[in-house]
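What follows is a short report on a single structure.
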There are 2 protein chains.
Amino acid sequence: MSDNTKAAASATAAESDTKSRIIGVAERMIATKGAEQVSIRDITREAGVNLAAINYHFGSKERLFAEALARSITAINTTRMAMLDKAEAKAGGRSPSVEALLEAFILPLLHTDENECNRYAHTAKMLSRFFLNPDEEIMHMLRPHFMPLKERLLRLFSAALPEVGKTDVEWRLGQVFAIMHHHMLFADLRCKDLGKKLNVKKELRRLVAFCSAGMRATPDGEAH
Amino acid sequence: MSDNTKAAASATAAESDTKSRIIGVAERMIATKGAEQVSIRDITREAGVNLAAINYHFGSKERLFAEALARSITAINTTRMAMLDKAEAKAGGRSPSVEALLEAFILPLLHTDENECNRYAHTAKMLSRFFLNPDEEIMHMLRPHFMPLKERLLRLFSAALPEVGKTDVEWRLGQVFAIMHHHMLFADLRCKDLGKKLNVKKELRRLVAFCSAGMRATPDGEAH
DNA sequence: GTCTATAACGGGATAGAC
DNA sequence: GTCTATCCCGTTATAGAC
């Protein structure tokens, strides 16, 4: 075991950082087995580092996981930003429609792998972990990773919904987030239990229909 | 591996003191500290029973917690059923409005205590635990506790929304559930971090407005 | 500063005596 | 049915090597 770690260390001297290797291994294992099934013993064994290395570099298991979560969030939000760019370009100088904005928010979450039904199902589960046991430090560390998108969405939705107050727009956006969080939490169950691939197009249509109606609701709740 | 048919048998007989005492203690401790902070060692110490008693009577810690969760669900759903009774009586022979139905579904979840901001915040967290780590046996055990309500809601919403297909009504009801799950998961955070009591009336109005619009959405997502 | 070795701790589960 | 005695595991803390 000792010769293995030495070889790996010398072979990749430039980036043989224990810290980045740990993150890499953690990400891979989480993506494979899910955060709930990954112990730091698994990670350190696989990475060929000592058990205590995680505590030294990250402070705790949760903060290592938060690091991995941040990467996923960044990946998702980059795609969302790109879709917003396209939507804005397509709308010319005008404001993109509520539907276009929702699609940019929702669609990146529905991407599928061949083996994994939903690529980001494990990301949703990691998010849930933090929701279940809120940690102020981690939340603070995560905030920058989704704030830019949130600000932009708030601005764009407010422009698309001039008749809805900004406070309400923000609150309603929170409900869309809630729906998507729940959706992804069960994406793998729906897929694995039913033994069929998810119908992305259909799900997107349903989600956009429900959420756009909610975003546009009049305060008294009568939408028609 | 061990057969669990014995558990069903013991339920019929005069419930062993130990078993009911364990459930009672577990419920109380979960309501006080939250499920995440309660170990079976805490419970057995407090109940004055042996550590192994939980495994003997319930099979596992998770199944004991599921028992406590089932009680909360039953309490909530009894209130919901009563509100549906009233709504149906008020509507005479006609179908209660979407708003009245949503209110019956949502309002019971918003009840507050003096110390606890949301009486069922811990219930939501327990639900989340199971969502995070789905257990087929537990899900099967829980199903009867919310199926009657679900069936009734499906029937009533379908009657109130004749233009929406039953499959869509069910799917949309799932989104309302998602919103409420998320809402309760953060009820305590909103309350404790902001240091102010929740404004139940305002939250109810917002929730009903958003959800009723979503329930009524037209398939293409245009609601106005 | 970086990392290892090891110990201590607390948690859930279980076999087997009674 | 109940209880003791473990077992195994994941996590955390510390001391010290490099």
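Proteins come first, then strands; the chains are lettered A, B, ... in the order of their sequence lines, and each starts at number 1.
- Picking from D:dG10, C:dG12, D:dA13 the nucleotide with the shortest atom distance to the side chain of A:K61 gives D:dG10.
- When the P atom of D:dG10 is taken as reference, atom CD of A:E62 falls 15 Å away, rounded to whole Å.
- Each of A:D42 and A:G59 was assigned the nucleotide of DNA chain D with the nearest heavy atom; the assignment lying further toward the 5' end belongs to A:D42.
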A:F131 vs B:H182, side chain to side chain contact (heavy atoms under 4.5 Å, CB included): CA-CA, chis, key distance, verdict: CA-CA 9 Å; A:F131 289 168; B:H182 198 262; 4.1 Å; yes

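- Across all strands shown, A:I40 has heavy atoms under 4.0 Å from base atoms, whether or not it also approaches the sugar-phosphate.
- Checked by distance alone, A:N50 brings a side-chain donor or acceptor within 3.5 Å of a matching partner on the base of C:dA5.
- The CD1-P distance, from A:I43 to D:dG10, rounds to 11 Å in whole Å.
- One side chain, A:D42 or A:S39, offers a donor N or O that lies under 3.5 Å from an acceptor on the other.
- A donor-acceptor pair shorter than 3.5 Å can be found between the side chains of A:S128 and A:H181.
- Distance, A:F58 CZ to C:dG1 P: 17 Å, rounded to whole Å.
- As judged by a 4.0 angstrom heavy-atom cut-off over every strand, B:A52 is placed among the base-contacting residues.
- When rounded to the nearest whole Å, the span between CG of B:D17 and C1' of D:dT2 equals 14 Å.
- Checking the phosphate oxygens (OP1, OP2) of D:dT2, no side-chain nitrogen or oxygen of B:Y56 falls inside 4.0 Å.
- The phosphate of D:dG1 has neither OP1 nor OP2 within less than 4.0 Å of any side-chain N or O from B:T18.
- Residue B:E36 contributes atom CD, which lies 11 Å from atom P of C:dG12 at whole-angstrom precision.
- Between the side chains of A:H183 and A:R190, at least one donor N or O sits under 3.5 Å from an acceptor N or O.
- Taking atom CG of residue A:L51 and atom P of nucleotide C:dC9, one finds them 17 Å apart after rounding to whole Å.
- Annotation for A:K33: atom NZ counts as buried by contact number, over 12 foreign heavy atoms lying within 6.0 Å.
- Listed pair A:H57 / C:dG1 fails the phosphate criterion, with no side-chain N or O lying under 4.0 Å from OP1 or OP2.
- For C:dG10, the base has no donor-acceptor partner in the side chain of B:R41 [N/O atoms by modelled type, under 3.5 angstrom].
- One atom, CG of B:N55, and another, P of C:dG11, lie 16 Å apart when rounded to the nearest Å.
- Taking atom CZ of residue A:R45 and atom C1' of nucleotide D:dC9, one finds them 10 Å apart after rounding to whole Å.
- At a threshold of 4.0 angstrom between heavy atoms, the contacts of B:I54 with the nucleic acid are absent.
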